[in-house]
Amino acid sequence: MPETAVVTDSTAYLPEEIASENGIHRVSLYVTLDGEQRRESEIAGEGYNEFFERLRRSEEGATTSQPSVGDFLEVYEPLLAAGSDIVSIHISAGISGTVDSARQARQRLVDEGKGGERILVFDSRTGCGGQGMLVIAAAHAAAAGADGGAALRAAEKARESLRMWFAIDTLEYLRKGGRIGAAQAFLGSALQIKPILTLEEEITPVERVRTRRRAFERMVDFARERHGDGADGWVVQHIQDPESARRLVDEGRQIFGREPLFVSEIGPVIGAHVGPGLLGTGGIPLDRIG
């Protein structure tokens with residue numbers, strides 16, 4: 001086992017092979033739909049199609065909740081017992097209590113004398129693909145022999161240069177879920193627009209466009225902007241729109257001259273708040289990945 005273990009949560013939506021290859025440990029958030037609460041990780045094993053079909057039909061929508069302290073203890077305790085430092089990187093505290101649960105678990109392990117002081121909890125101030133890239137940066141540092149502090153600094157350095165964008169079909173899910181943040185300003189014309197947003201601690205509006213075609217074009221523009229800034233470590237993510245994701249990957253290959261770090265579908269926890277139809281991209285410089 002590496003000297004430093006990297007832990008994240010299910011909202012990074014890292015492909016299984018990347019998590020496995022990099023020894024990344026995950027703690028799942030929860031989603032409740034039609035009165036049934038499940039771990040997001042359980043739904044991922046079955047595929048997301050049924051969940052999103054139910055979400056479309058639901059009048060009340062879905063609610064989500066962070067992992068419990070006990071969920072974190074189940075992951076942390078064996079790692080500490082094996083002698084590892086832990087860097088635990090999670091979805092922005094501006095939209096989730098996951099970081100708080102991780103910190104509570106850390107404190108309990110400190111209080112119980114089980115090495116909790118070796119756990120470093122990091123608020124990524126982002127989520128999904130952005131969070132995933134920070135996790136990979138920390139995991140690469142750990143694999144190269146970094147202790148907890150150095151692996152955390154790798155994630156922090158990656159976060160400094162990260163930019164992500166996503167387009168969604170409607171603000172209605174964000175409004176229902178109370179996660180709309182500064183994007184509240186877009187609500188007045190919500191029926192006529194396709195919002196483009198980012199996650200900088202909270203969900204933040206970038207611009208409004210009127211068609212899905214234009215939203216796709218703007219994602220390509222943002223990819224060009226990242227390439228122009230030297231940020232050639234890039235990702236593509238979607239919700240229930242694999243065809244647009246494939247098209248965006250094709251465009252990205254032409255822009256960056258290389259494959260994306262990963263492509264993945266965003267699952268029920270974030271999907272509950274933004275709804276089907278999301279398409280997103282962004283990236284960081286490759287040298288920040290390690």
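Start at 1 with the first residue, then count along the sequence. What you see is a predicted model, and the numbers here were worked out from it, not measured in a lab.
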Exceeds 12 heavy-atom contacts within 6.0 angstrom, atom [atom1] of [X]:
X   : atom1 : answer
E50 : CD    : no
E17 : CD    : yes
R38 : CZ    : yes

Mind checking the [atom1]-[atom2] spacing from [X] to [Y]? Nearest 0.5 Å is all I need.
X    : Y    : atom1 : atom2 : value
I270 : L199 : CD1   : CG    : 7.5 Å
R153 : L120 : CZ    : CG    : 9.5 Å
L79  : T4   : CG    : OG1   : 11.0 Å
I119 : L109 : CD1   : CG    : 5.0 Å
I43  : S10  : CD1   : OG    : 9.5 Å
E160 : L134 : CD    : CG    : 10.5 Å

Same cluster or not: [X] versus [Y], using hydrophobic residues (I, L, V, M, F, W, Y) connected whenever any side-chain heavy atoms lie under 4.5 Å apart?
X    : Y    : result
V121 : V69  : yes
I136 : V7   : no
L261 : V236 : no
I95  : F166 : yes
L55  : V274 : yes

Residues [X] and [Y] bridged, charged N to O under 4.0 Å:
X    : Y    : answer
R253 : D250 : yes
R163 : D229 : no
E53  : R56  : yes
E243 : R246 : yes
R54  : E60  : no
E251 : R247 : no

Between [X] (side chain only) and [Y] (backbone N and O only), is there a donor and an acceptor less than 3.5 Å apart?
X    : Y    : answer
S28  : E40  : yes
T204 : E202 : yes
R118 : S84  : yes
S124 : T126 : yes

How would you list all residue pairs meeting side-chain hydrogen bond (donor to acceptor under 3.5 Å, both in side chains) that involve residues 131-144, not counting sequence neighbours?
T8-Q131, D9-Q131, T11-Q131, N22-H140

Give the ring-plane orientation class for W165 versus F222, where under 30° counts as parallel, over 60° as perpendicular and anything between as tilted.
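Parallel, since the angle between the ring planes stays under 30°.
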
Parallel, tilted or perpendicular for F72 and Y76, by the 30°/60° rule?
tilted

Can you name the nearest heavy-atom pair linking [X] to [Y], along with the distance?
X    : Y    : result
T281 : L248 : CB-CD2, 4.0 Å
I168 : L278 : CG2-CD1, 3.8 Å
H238 : L279 : CB-CD1, 4.2 Å
K114 : E77  : NZ-OE2, 2.9 Å
I89  : A155 : CD1-CB, 3.8 Å
A137 : A154 : O-CB, 3.9 Å

Answer yes or no: is there a side-chain heavy-atom contact under 4.5 Å between [X] and [Y]?
X    : Y    : result
Q37  : S65  : yes
R212 : S244 : yes
Q237 : Y13  : yes
N49  : Q240 : yes
R214 : R218 : yes
M164 : M133 : yes
D221 : E225 : no
R39  : D71  : yes

Applying side-chain contact (heavy atoms from CB on, under 4.5 Å), run through R258 and L286 and close with a yes or a no.
CA-CA 11 Å; R258 65 183 310 277; L286 280 171; 3.6 Å; yes

Between H227 and D232, does a side-chain contact (heavy atoms from CB on, under 4.5 Å) hold up when you go through it step by step?
CA-CA 6 Å; H227 176 60; D232 284 349; 2.9 Å; yes

Test ring-ring contact (aromatic ring centres under 6.0 Å, His included) applied to F262 - qualifying residues, sequence neighbours left out
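F262 satisfies ring-ring contact (aromatic ring centres under 6.0 Å, His included) with no other residue.
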
Might you work through the salt bridge (Lys or Arg N to Asp or Glu O under 4.0 Å) test for E74 and R26, ending with a clear yes or no?
CA-CA 11 Å; E74 287 181 10; R26 288 170 290 184; over 6 Å; no

